[in-house]
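Letters go in sequence order (proteins before strands), and every chain restarts at 1.
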2 protein chains.
Amino acid sequence: MSLEKVTAIGRADPKRGYDDACGTAHALELIGERWALLVLREMMLGPRRFSGLRDDLPGISANVLTQRLGELEERGLVRRRRLPPPASVQVYEATEWGLEAEPIVQALGRWAARSPRHDPTLPISGVSILLSFRTMIDRAAARDWDSRIGFRFGETSYIAHIHHGSIDIARGEVVGCDALFDGEPTQIAAIVYGGAPLDTVRVDGDEDLARRFLTLFTLPPKIG
Amino acid sequence: MSLEKVTAIGRADPKRGYDDACGTAHALELIGERWALLVLREMMLGPRRFSGLRDDLPGISANVLTQRLGELEERGLVRRRRLPPPASVQVYEATEWGLEAEPIVQALGRWAARSPRHDPTLPISGVSILLSFRTMIDRAAARDWDSRIGFRFGETSYIAHIHHGSIDIARGEVVGCDALFDGEPTQIAAIVYGGAPLDTVRVDGDEDLARRFLTLFTLPPKIG
DNA sequence: CCGTATCCAATAAGATACTG
DNA sequence: CAGTATCTTATTGGATACGG
């Protein structure tokens, strides 16, 4: 009894708390561990499998991913679900509350984009680049849009619906799109944010629309 | 079997980066270390001294505070300044860009306030409770306000100016206030967010106004 | 292929004592 | 007061091995 209790109190409950009523401090107890928020980010556009998470989080080790998933689940941010047969695979999905953390992801991203050290040529995941669109969209420029842009990143595809200055993103088949990008997320990022030429990815449909789409996203000015 | 140098080279350059172009990941490289964001938070309402930071971050050790301050300075979020004689003390202040991290602090705080594990009776710093007012103010309820509320927390005092649904906060002498609170930040938090009685702190000036002020801040509903 | 568990080396954090 | 230095503990990441 005593051995179990000690371990539970000393480590499991608040792993290493801040003893601070401030909501910010509590948030850091929930999602402040290394990798935790990035794991949650990867679930922002739908459930993910273990290996997908691992692939899109370069550098995370399997045991750390297991541990983070367990913590996020225990804290109510992530749910583990087994898909019905014949798929029968296990997936991890963000809970309602977990999805509500997107403003945190956005605030961090918007702020860090001004960093002189930010390197937009590093690899980036499909979820990240699409979420960055939601963060960086120029609402004024997109005010009169009503278009569907598809993205195919290997196995997984998404549709972005731009309308009334904002952008909805859903995972799903790329049907009924006005334009379709097919390529590596990192290439798309290089084009949108790094000014790279469009020819490193495949574009189907209305290419002019695709070009104009890419101009809807602009990084804030660097500091200095 | 394995080469010793490989690991050393592989991780020497970026201390322990995420190798991810996503802005969120970069933000975590800048302010994701333990304590870093809370140190920055304490500077959101003006420069702070080493010992003040230490006092308001219960549990941080001196060496970790030293290290975080050095990292935040090196990354351009914090500046070290020596006040002119006769004060001649060293203070740490957030840079412009550091101050721009306040939306991150707010997003985290707003989100975590819905946590079932959040304990508003823990100790809280003066800066934290005042920043929480900025996060939690009911803009509709404060729309027609134009009042100055003073706060005296030991040595340090602040004036909050509520007007047009928002709230400006500045450190400084509590002159020209319509009401003044004098007490422990933790007590104020218990009153505002925990429904504790008003009599644990001293209130000067318009007590009715002070009471109405306290109702301007409401926590979002808990999840469940 | 999907995870989980275990062992090990490298870091980061915490506690405490100490110095200008 | 404002930090350093030092020692101990905890966490992380990598490799690997193991069961479904």
Checking contacts here: which listed nucleotide (D:dT12, D:dT4, D:dA2) is nearest the side-chain heavy atoms of B:Val89?
D:dA2
Report yes or no: do A:Arg41 and A:Ser128 form a side-chain donor-acceptor pair below 3.5 Å?
yes
Examine the side chains of A:Tyr193 and A:Ser132 and answer whether a donor and an acceptor come within less than 3.5 Å of each other.
yes
At under 4.0 Å, does any side-chain N or O of [X] touch on OP1 or OP2 of [N]?
X       : N      : result
B:Gln90 : D:dG3  : yes
A:Arg80 : C:dT4  : yes
B:Arg49 : D:dA2  : yes
B:Arg34 : C:dG14 : yes
B:Trp35 : C:dA12 : no
B:Tyr92 : D:dG3  : yes
A:Arg54 : C:dG3  : no

Does B:Arg34 qualify as a cation-pi partner of A:Tyr18, given the criterion of NZ or CZ under 6.0 Å from the six-membered ring centre and within 45 degrees of its axis?
yes
Please determine if B:Glu100 and A:Arg114 form a salt bridge, counting it only when a charged side-chain N lies under 4.0 Å from a carboxylate O.
yes
Is any side-chain heavy atom of A:Ser115 closer than 4.5 Å to one of B:Leu30?
yes
Assign B:Ser51 to base, sugar-phosphate, or nothing according to its heavy-atom contacts below 4.0 angstrom with the strands shown.
sugar-phosphate
May I ask you to verify whether the side chain of B:Asn63 and the base of D:dT6 hold a donor-acceptor pair under 3.5 Å?
yes
For DNA chain D, please output the secondary structure as dot-bracket, reading 5' to 3'. Pairs are Watson-Crick or G-U wobble, both atom distances under 3.5 Å; mark crossing pairs with [ ], other-strand partners with |, unpaired with a dot.
|||||||||||||||||||.
